[in-house]
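Presented below is the structure to which this report refers.
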2 protein chains.
Amino acid sequence: MSAECPSREVLQHVTSRWGVLLLVVLMGGMHRFSELRRAIPDISKRMLTQTLRDLERDGLAARRVFPTKPPSVEYRLTALGNSLLEPLTALVMWAERSQTKIKRARAEFDGATAAGA
Amino acid sequence: MSAECPSREVLQHVTSRWGVLLLVVLMGGMHRFSELRRAIPDISKRMLTQTLRDLERDGLAARRVFPTKPPSVEYRLTALGNSLLEPLTALVMWAERSQTKIKRARAEFDGATAAGA
DNA sequence: CTGCATCCCCACGGATACTG
DNA sequence: CAGTATCCGTGGGGATGCAG
């Protein structure tokens, strides 16, 4: 668990703010740049490009450019990216299953600290 | 995948920089505050406390205080926290399995962009 | 030992404008 | 449409000090 532990760096990328979301969307198949923007409305062009680049750099996503009149670019998961699919969806599903419990725990906690002495 | 999607918030906590690490350590059983510091050398007191509080607030970890001479505090996972164990370790194991491939992909990518036109 | 509060810095990330 | 460059604010998070 030391700072040098290599998997920590890997985890950081995979669990980064936008990384997870992008990966989840890409798990649905290939998508164009603008499609990704629409899929995640609150991401900026800047962050979308940058996060995409990180995923590409880590060999998780592949970029394919079509030199059409208005250029279009497609992104899809690589084999490595697909191997992440299972553990990641497991985590996402856990999050969905647990959100109610967490919400309740949070409300209780806040109530306790606010009221409770 | 909208900004309001509740699971996004949940994921953010669980996948936060120190959250993952703390959870992984706590999966090994109960730990004292100072033990956690030693387990994750590069976390500051401040962040340790804060992250612990977040986990507690979300009902993932439980805090137990012993009013001994020098006070001691123990942290352990709750039932909800334990339910996260499986998906999270799956992800960590994936990270460990894949780190070599990712390192290679990264080297190749950097080499290509540096040299390649 | 545990854990708040304060100060402070920097990089994460948003908005905007420009190019191919 | 896709991507880059620039500017700049916010807050994450480190260091330190005090308190129970």
Side-chain angles (χ1 to χ4, degrees), chain A residues 2-3 8-9 11-22 25-26 30-58 61-76 109-110 112-114 116-117, chain B residues 1-3 8-9 11-22 25-26 30-58 61-76 109 112-114 116-117:
Chain A
S2 73
R8 275 184 49 173
E9 187 190 4
L11 275 177
Q12 274 317 303
H13 272 167
V14 163
T15 65
S16 75
R17 178 171 184 195
W18 302 114
V20 207
L21 301 184
L22 230 34
V25 174
L26 285 176
M30 86 168 49
H31 284 74
R32 298 190 42 182
F33 188 84
S34 44
E35 288 175 337
L36 293 171
R37 288 197 73 181
R38 259 174 278 124
I40 308 175
D42 56 340
I43 192 177
S44 67
K45 235 190 321 179
R46 191 186 194 284
M47 278 301 103
L48 179 54
T49 305
Q50 185 172 305
T51 310
L52 243 15
R53 276 293 217 266
D54 288 344
L55 294 181
E56 195 189 349
R57 196 175 106 100
D58 284 358
R63 181 169 173 267
R64 190 140 164 247
V65 185
F66 296 89
T68 49
K69 264 286 250 21
S72 77
V73 181
E74 285 179 355
Y75 292 89
R76 62 161 74 194
F109 184 88
D110 290 347
T113 47
Chain B
M1 204 47 63
S2 73
R8 274 185 52 173
E9 186 191 4
L11 274 177
Q12 275 318 304
H13 273 168
V14 163
T15 65
S16 76
R17 177 169 184 198
W18 302 114
V20 208
L21 302 184
L22 231 33
V25 174
L26 287 177
M30 85 166 52
H31 284 74
R32 299 190 41 185
F33 188 84
S34 45
E35 288 176 336
L36 293 172
R37 288 197 73 180
R38 259 174 277 122
I40 307 174
D42 55 340
I43 192 177
S44 67
K45 235 191 321 178
R46 190 183 193 281
M47 276 302 102
L48 179 53
T49 304
Q50 183 172 309
T51 311
L52 243 16
R53 273 296 215 263
D54 288 344
L55 294 181
E56 197 190 346
R57 197 174 106 99
D58 284 0
R63 181 168 173 267
R64 189 141 164 244
V65 184
F66 295 89
T68 51
K69 264 281 257 4
S72 77
V73 181
E74 285 179 354
Y75 292 91
R76 63 162 73 196
F109 184 87
T113 46

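In what follows, chains carry the letters A, B, and so on, assigned in the order in which the sequence lines appear, proteins first and then strands, with residues in each chain numbered from 1.
Contacts of A:F66 with the nucleic acid, taken as non-hydrogen atoms under 4.0 Å apart, are absent. The residue A:R37 sits apart from the nucleic acid: no heavy atom pair falls under 4.0 Å.
When all heavy atoms of A:E35 and A:H31 are compared, the pair lying nearest together is OE1-CA, 3.2 Å. In plain terms, the two heavy atoms of A:E74 and A:M30 that are nearest each other are OE1-SD, 2.6 Å. Contact record, A:L52 with A:L22: CD1-CD2, 3.7 Å, taken as the closest heavy-atom pair.
The distance from the OG1 atom of A:T51 to the CD1 atom of A:I43 is 4.5 Å, given to the nearest 0.5 Å. With rounding to the nearest 0.5 angstrom, the CZ atom of A:R8 is 7.0 Å from the CD1 atom of B:I40. The line from CZ of A:R38 to CZ of A:R32 is 8.5 Å long, rounded to the nearest 0.5 Å. A:R57 CZ to A:Q50 CD: the interatomic distance, rounded to the nearest 0.5 Å, is 11.5 Å. For the atom pair CZ of A:R17 and OG1 of B:T15, the computed distance is 11.5 Å after rounding to the nearest 0.5 Å.
Residues B:S16 and B:Q12 fail the side-chain proximity criterion, which asks for heavy atoms closer than 4.5 Å. The closest side-chain heavy-atom distance from A:L36 to A:L26 is below 4.5 Å. At a threshold of 4.5 Å between non-hydrogen side-chain atoms, the residues B:F33 and B:T49 count as touching.
In summary, contact between chain A and DNA chain D, defined as any nucleotide atom under 4.0 Å from a heavy atom of the protein, begins and ends at D:dC1 to D:dT6 in the 5' to 3' direction.
Taken residue by residue, residues 44-53 of chain B places heavy atoms nearer than 4.0 Å to DNA chain C at B:K45, B:R46, B:T49, B:R53.
Here C:dC12 presents its C1' atom at 12 Å from CG of A:D54, a figure rounded to the nearest Å. What separates CD of B:E35 from C1' of C:dC1 is a distance of 12 Å, to the nearest Å. In this structure, A:K69 atom NZ and C:dG20 atom P are separated by 17 Å, rounded to whole Å.
With the end axes of the helix from C:dC1-D:dG20 to C:dG20-D:dC1 each set by five pairs, the angle from one to the other reads 40° at 10° resolution.
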